[in-house]
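Structure incoming, see below.
Treat the numbers as computed from the prediction; the structure is a model and nothing was measured. By convention in this document, chain letters (A, B, ...) are assigned in the order of the sequence lines, proteins followed by strands, and residues within each chain are numbered from 1.
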Amino acid sequence: MSVRVRFAPSPTGFLHIGSLRTALYNYLFARHNGGSCILRIEDTDRTRFVEGAIEEQIASLAWAGITFDEGPHVGGNHGPYTQSERFDLYREYGMKLVENGTAYYAFDTSEELDAMRLRQQSAGIAPKYDRSAMRNQYTLGEEETRRLLDEGAAHVIRLKVPLHQDVRFSDIIRGEVIVNGREIDDQILLKSDGFPTYHLANVVDDHLMEITHVIRAEEWLPSTPKHIILYQAFGWEPPTFAHVPLLLNPDRSKMSKRHGDVMVKDFIRKGFFPDALVNFVSLCGWNPGSDNEFYSMQDLVNSFTLERVNKAGAVFDYQKLNWMNGEYLKQRDPQDLARELHPVLVERGFNYVDPTFVAEVIALVRERVTFVADIAEFADYLFGDALVPLSAEAQAMLDGNDKISSALDTFRKGLDASVIADADSFKGLAQRSAESVGLKSGALMKPLRLVLTHREVGADLFRTVQLLGLERCLSRLDAFTSHS
RNA sequence: GCACCGUUCGUCUAGGGGUUAGGACACCGCUCUUUCACAGCGGUAACACGGGUUCAAUUCCCGUACGGUGUACCA
């Protein structure tokens, strides 16, 4: 039987970075095994539905290079892939369980349930549906149940959990997990609005869609026994489970927006490369047992196995992600990067944005920044004529320093096309200019950089001068001279 | 509270009965250098604790501690 996995988000908001990783692991596992990766939308909670969320999540996944073989957007033989479109199915399967005695009607109001939990809490026992004390099919009797149903009373259908039975399943990542039946709640399967809960819909769909491996976040581990019971109740073979560890905040709690950006769209907006993000995220909780840290999507597909997924949660290290993006930045084709940077430059109103020129600037400065867009700020003096104001320290260094002024003046007089064309000529001129006032050439470089770029740090000054061009260099030197 | 899951440098991790416990990010230092960065070299830094089992345990077992997740008519 060929592998079939699914990624099953709910359309309640933007795609979370943790979800991206879960989707990625599903995708990698499917590709690695020549199987299918299915997208299923779990929108059974009508109150939490967010307009446009499905589209956003699919787009974020696609941005990362994660595509699906079946799903609401691409079709397939096991559709529909949106649970709200499968509404009737769940009722039908829920009723099968009522008929075979593994599920039952319950009529309790939420107030009654709250009261029950309160009672249990104060009695110091675990909150759990009390089948023998609440208002349900068993306590009310067949006749009364029938009557309530006939008169259209609000009701739910609950799973009848076998009390005296250990539930066990094998998780690829965790190993054998055993839970005592008495710990498991009589989960609601069908809500009073007729919609299924996650638990029912999930099991029914995974079975009907012939899912072989359920790869999902660790937060689902505690409810997996319910799902196993559900499979048993239906008489179905459960899929293989693999619960992947959580992505964590620095304080080791479940990763949330409290500590920084967590939505994929935030990472896109910040300018991360999709392959850098995918590379980084794949290594949060998994590694192929090698010291190499750089993997293309194809590399990941080739080496991914669930057996090498870690058990413990991983703190999401933004700093290391930045580093990795910088590494990708250094390997990208400058021409491609120029295309990406262009709109940013235009938006900032720069006028030196010829693609070839921009690519040269990128090649010069990219090892100093993390994102392509940073280059617009880092090398603004190359893209436009307006310079940022000099810092106070820079001003102090240049002001009233006769030696430097004089050396700069000498430099300006000697600057011509031939100097700009050749690094040695440039260095020679700088040296002569400096020595003319008894300075070392190094002592002139900083003032020169300040005058030409208004920045204290930057890339190689000769290359910078070259890219600036003679005209701009002269006019900036002149502007300095006329001020001093 | 109860259930489940987890625990190797600050972080991501490799490893696994006998190792100088390896790599990466970050940090510190040196080299290079016109600055910053890159690169190169070097450094600080970890097996949560207690019992077993064993000739030997960081590695296997059991506890404890700590942490996380779950405990909804949410997923």
For this session: Mind checking A/R366 for me? I need base, sugar-phosphate or nothing, with any heavy atom below 4.0 Å counting as a touch.
Result: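 Touches nothing.
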Exercise. Within the structure shown, what part of the strands sits under 4.0 Å from A/R455 by heavy-atom distance: base, sugar-phosphate, or nothing?
Worked result: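 No contact at all - A/R455 keeps every heavy atom at 4.0 Å or more from the nucleic acid.
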Exercise. Does B/G15 have OP1 or OP2 sitting under 4.0 Å from an N or O in the side chain of A/R308?
Worked result: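 True: A/R308 side-chain N/O within range (under 4.0 Å) of B/G15 OP1/OP2.
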For this session: Under 4.0 Å between any heavy atoms, over every strand shown, what does A/N180 touch: base, sugar-phosphate, or nothing? Just pick one.
Result: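 A/N180: no heavy atom of the nucleic acid under 4.0 Å.
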Problem set entry | Touch class at under 4.0 angstrom, heavy-atom based, for A/N310 against every strand present |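 Contact class for A/N310: sugar-phosphate only.
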Exercise. Rounding to a whole Å, what distance do you find between A/N325:CG and B/C25:P?
Worked result: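 Nearest whole value for this atom pair: 15 Å.
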Exercise. How far, in whole Å, is B/A26 from B/U11 if one measures between their P atoms?
Worked result: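 Going atom to atom, P in each nucleotide, I get 16 Å.
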For this session: Could you please name the partner base of B/A56, counting Watson-Crick and G-U wobble pairs only when both distances are under 3.5 Å?
Result: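 Result: none.
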Exercise. Heavy atoms under 4.0 Å, any strand shown: does A/K446 hit a base, just sugar-phosphate, or nothing?
Worked result: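 No contact.
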Problem set entry | Minimum-distance nucleotide to A/A314 side chain [options: B/G68, B/C73, B/C12] |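 Of the candidates, B/C12 comes closest.
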Exercise. What is the nucleic acid contact for A/A459, judged by heavy atoms within less than 4.0 Å: base, sugar-phosphate only, or nothing?
Worked result: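 The residue A/A459 makes base contact.
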Exercise. Is A/R252 touching bases, backbone alone, or none of the nucleic acid, heavy atoms closer than 4.0 Å?
Worked result: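 Counting heavy atoms under 4.0 Å across all strands, the contact made by A/R252 is with sugar-phosphate only.
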Problem set entry | Nearest-nucleotide pick for A/L246, side chain only, options being B/C5, B/U69, B/C12 |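 Closest of the options to the side chain of A/L246: B/U69.
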For this session: State the pairing partner of B/C41; accept Watson-Crick or G-U wobble contacts with both distances under 3.5 Å, and report none otherwise.
Result: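 WC or wobble partner is B/G29.
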Problem set entry | Residue A/A126, side-chain heavy atoms: nucleotide from B/A24, B/C38, B/G1 that is nearest |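 For A/A126, the side-chain atoms sit closest to B/G1.
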For this session: Establish, for the pair A/R158 and A/Y129, whether the NZ or CZ atom is under 6.0 angstrom from the six-membered ring centre and no further than 45 degrees off its axis.
Result: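 Yes; both conditions hold, so A/R158 lies above the ring face of A/Y129.
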For this session: Under 4.0 Å between any heavy atoms, over every strand shown, what does A/V315 touch: base, sugar-phosphate, or nothing? Just pick one.
Result: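 Sugar-phosphate contact only - A/V315 comes under 4.0 Å of backbone atoms but never of a base.
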Exercise. Taking 4.0 angstrom as the limit, do A/R117 and A/D114 come out as a salt bridge?
Worked result: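 So A/R117 pairs with A/D114 through a salt bridge.
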Problem set entry | Output field: ring centroids A/F378/A/F383 closer than 6.0 Å |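 Between A/F378 and A/F383, the centre distance exceeds or equals 6.0 Å.
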Exercise. Under 4.0 angstrom, heavy atoms only, what part of the nucleic acid is A/T44 near: base, sugar-phosphate, or nothing?
Worked result: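 Since only primed, P, OP1 and OP2 atoms lie under 4.0 Å of A/T44, the category is sugar-phosphate.
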Exercise. If we ignore angles and hydrogens, is there a donor and acceptor under 3.5 Å between the side chains of A/T82 and A/D43?
Worked result: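 A/T82 vs A/D43: no donor-acceptor pair found between side chains.
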For this session: With A/K96 as the cation and A/Y93 as the aromatic partner, state whether NZ or CZ is under 6.0 Å from the six-membered ring centre and within 45° of the axis.
Result: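 Judged by the rule (NZ or CZ under 6.0 Å from the ring centre, within 45° of its axis), A/K96 counts as positioned above A/Y93.
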Exercise. Which one is paired to B/A72, where only Watson-Crick or G-U wobble pairs with both distances under 3.5 angstrom count?
Worked result: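 Because no pair has both required distances under 3.5 Å, B/A72 counts as unpaired.
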Exercise. Using a cut-off of 4.0 Å on non-hydrogen atoms, how would the nucleic acid contact of A/K254 be classed: base, sugar-phosphate, or nothing?
Worked result: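 Sugar-phosphate, backbone atoms only, no base.
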Exercise. Strictly under 6.0 Å, is that where the ring centroids of A/Y138 and A/Y104 end up?
Worked result: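 So the answer is yes for these two rings.
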For this session: Please work out if A/I125 contacts a base, only the sugar-phosphate, or nothing of the nucleic acid, heavy-atom cut-off 4.0 Å.
Result: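 It contacts nothing in the nucleic acid.
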For this session: When you get a sec, tell me which of B/C5, B/A3, B/A75 is the closest nucleotide to the side chain of A/H199?
Result: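 Nearest listed nucleotide: B/A75.
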For this session: Please identify each residue that fulfils ring-ring contact (aromatic ring centres under 6.0 Å, His included) with A/F426, with sequence neighbours left out.
Result: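 By the ring-ring contact (aromatic ring centres under 6.0 Å, His included) rule, A/F426 matches A/F411, A/F462.
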Exercise. Across the strands shown, which category fits A/K427 at heavy-atom distances under 4.0 angstrom: base, sugar-phosphate, nothing?
Worked result: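 Nothing: the residue A/K427, judged by heavy atoms under 4.0 Å, touches no strand.
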Problem set entry | N or O in side chain of A/K191 less than 4.0 angstrom from B/A72 OP1/OP2 |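 The answer is no; no side-chain N or O of A/K191 sits under 4.0 Å from OP1 or OP2.
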For this session: Can you figure out which of B/C74, B/G22, B/C5 approaches the side chain of A/D291 most closely?
Result: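 The closest nucleotide is B/G22.
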For this session: Could you tell me whether the phosphate oxygens of B/U13, OP1 or OP2, come under 4.0 Å of any side-chain nitrogen or oxygen in A/N287?
Result: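 Looking at the OP1 and OP2 atoms of B/U13, neither is under 4.0 Å from any side-chain N or O of A/N287.
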For this session: Determine the interatomic distance between C1' on B/G15 and the same-named atom on B/U58; round to the nearest Å.
Result: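 Nearest-Å result for B/G15 against B/U58 at atom C1': 10 Å.
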For this session: Among B/U35, B/C5, B/C73, find the nucleotide with the atom closest to the side chain of A/V457.
Result: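 Side chain of A/V457 sits closest to B/U35.
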Problem set entry | B/C47 - base-pair partner by Watson-Crick or wobble geometry, distances under 3.5 Å |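 Partner of B/C47: none found under 3.5 Å.
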For this session: Among B/C4, B/A75, B/C25, find the nucleotide with the atom closest to the side chain of A/V179.
Result: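 For A/V179, the side-chain atoms sit closest to B/C4.
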For this session: From the options B/A39, B/C4, B/A26, select the nucleotide whose nearest atom is closest to the side chain of A/E327.
Result: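 The nucleotide sitting nearest to the side chain is B/A39.
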For this session: Indicate, with a heavy-atom threshold strictly under 4.0 Å, whether A/L283 touches base, sugar-phosphate, or nothing.
Result: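 Sugar-phosphate contact only - A/L283 comes under 4.0 Å of backbone atoms but never of a base.
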Exercise. Taking the nucleotide of RNA chain B with the closest heavy atom to each, which residue, A/P222 or A/L321, is nearer the 5' end?
Worked result: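 Nearest-nucleotide comparison on RNA chain B picks A/L321.
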Exercise. Taking the side chain of A/P127 as heavy atoms from C-beta outward, which of B/G1, B/G15, B/G70 is closest to it?
Worked result: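 Side chain of A/P127 sits closest to B/G1.
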Exercise. What is the base-pairing partner of B/A65, counting Watson-Crick and G-U wobble geometry with both distances under 3.5 Å?
Worked result: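 For B/A65, the partner nucleotide comes out as B/U7, under the 3.5 Å rule.
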For this session: Scan A/L221 against the nucleic acid and name what it touches under 4.0 Å (heavy atoms): base, sugar-phosphate only, or nothing.
Result: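 Sugar-phosphate, no base atom in range.
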Problem set entry | Closest-nucleotide ordering on RNA chain B, the 5'-leading residue of A/G289 and A/S253 |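 It is A/G289 whose nearest nucleotide is closer to the 5' end.
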For this session: Looking only at side-chain atoms of A/E293, point me to the closest of B/A75, B/U69, B/A24.
Result: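 Minimum distance to the A/E293 side chain belongs to B/A24.
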Exercise. With a 3.5 Å cut-off and just heavy-atom distances, do the side chain of A/T197 and the base of B/C73 make a donor-acceptor pair?
Worked result: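 Flag unset: no donor-acceptor pair detected.
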Problem set entry | Residues A/D460 and A/R449 bridged, charged N to O under 4.0 Å |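 So A/D460 does not pair with A/R449 through a salt bridge.
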